[in-house]
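Below, all heavy atoms of this structure are taken into account, side chains as well, without hydrogens, waters or symmetry copies. This is a predicted model, so every value here is computed, not measured.
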Amino acid sequence: MSSWKKAAKAGQRTHRERHQPKSREHLGLLEKKKDYSIRAKDCHEKGAAVKLLRKRALNKNPDEFYFHMINSKIQKGIHREKQKNEEHTPEQIKLMETQDLKYILFKRNIESKKVEKMQSVLHALDAANETKNKHTFFVDEDGSAKDFNVAKKLDTHPALLNRRTNRPKLSKLKHMKLLSVDESILPKIEQQKHMAYSELNKRIVRERELTIIQQKLEMDKALKDTKVPKPKTIISATKDGPPIYKWKYQRKK
């Protein structure tokens, strides 16, 4: 049933609004009552908001403090929130929400044992060779620095001078039984060594990440104790470390 039939049935008369005459089409659409109602309502809402803001500005206490004063700054006349340091990484949030403290402690012990086992095999000899240091030799007044032979002084082979570890003397090299190694195998050996160090590094990072999560969960558990007064925050939590709190000393009975 149409709207005018419903109005006639209710005893009301429907007033139809005329359209825009052709002579005034260049002025645009003719505003209807429903369009005016929407525009008037929007105008009144904006006016009420401005009136409320003006009232709040007049009643504002200049000495009042709120945290938005220190958590925001003005950039080109616009208030913008300061970027806060994220306390947790996505991986930390996922583990803290899905796992408990016992599971984190269990996985951390496993990673720690694996790291210790790998470190006992890999002695980080390459890192020692890459370390820059100095070895000073003192020459007698009669001798010349140009004629000084380092290999002869160290009693080793000249090819081993660049090594800082595992540099045997000539006397030991004569008695050592060196195996002949094919040159094609050397790149594979180097690749395996690189993969072993890479895995060790990943496990160390993993063990450190689990340690941070364990400390954060332990701190959250300590904060849930309602018998102890709320502590004072010393350092907030970061991605690389747990928060640090200071509890008020209470004398035990």
CD1 on Ile213 to CD on Glu91, rounded to 0.5 Å: 8.5 Å
Tell me whether Met195 at atom CE has more than 12 heavy atoms from other residues, nucleotides or ligands lying less than 6.0 Å away. no
Sequence neighbours excluded - ring-ring contact (aromatic ring centres under 6.0 Å, His included) pairs with any residue from residues 67-99: Phe65-Phe67
Partners passing side chain to side chain contact (heavy atoms under 4.5 Å, CB included) against Asn201 (at least two apart in sequence or in another chain): Val205
Can you tell me if Ser198 uses its side chain to pair, donor with acceptor, with the backbone of His194 under 3.5 Å? no
salt_bridge(Glu199, Arg203) N-O dist < 4.0 Å: yes
Chi angles and distances behind the side-chain contact (heavy atoms from CB on, under 4.5 Å) call for Ser112, Glu116: CA-CA 6 Å; Ser112 179; Glu116 291 178 0; 3.9 Å; yes
Backbone of Lys239 reached by a side-chain donor or acceptor of Gln92 within 3.5 Å: yes
In this structure, are over 12 heavy atoms from other groups packed under 6.0 Å from Lys82 atom NZ? yes
For atom CG of Leu29, decide whether the heavy atoms of other residues, nucleotides or ligands shown that lie under 6.0 angstrom number more than 12. no
Let me see the working for Lys73 and Glu81 under side-chain contact (heavy atoms from CB on, under 4.5 Å), right down to the final yes or no. CA-CA 7 Å; Lys73 58 182 178 180; Glu81 295 290 335; over 6 Å; no
What is the minimum heavy-atom distance between Gly241 and Lys216, and which atoms define it? O-CE, 3.6 Å
Assess the residue pair Glu31 and Arg39 against the criterion (salt bridge (charged side-chain N to carboxylate O under 4.0 Å, His left out)); give the C-alpha distance rounded to whole Å, side-chain angles, the decisive distance to 0.1 Å, and a yes or no. CA-CA 10 Å; Glu31 186 181 33; Arg39 183 168 58 84; 2.9 Å; yes
Does a donor on one side chain and an acceptor on the other come within less than 3.5 Å for Arg108 and Thr211? yes
Please say whether more than 12 non-hydrogen atoms of neighbouring residues, nucleotides or ligands are located less than 6.0 Å from NZ in Lys117. no
Where do Leu30 and His19 land on the side-chain contact (heavy atoms from CB on, under 4.5 Å) test, with the steps shown first? CA-CA 7 Å; Leu30 180 64; His19 63 279; over 6 Å; no
Show the numbers, then the answer: is there a side-chain contact (heavy atoms from CB on, under 4.5 Å) between Tyr245 and Leu223? CA-CA 9 Å; Tyr245 296 97; Leu223 292 174; 3.8 Å; yes
Asp42/Lys46 ion pair, N-O < 4.0 Å: yes
Closest non-hydrogen atom pair, Ile104 against Leu210: CG2-O, 3.6 Å
Less than 4.5 Å apart, any side-chain heavy atom of Leu217 and any of Met96? yes
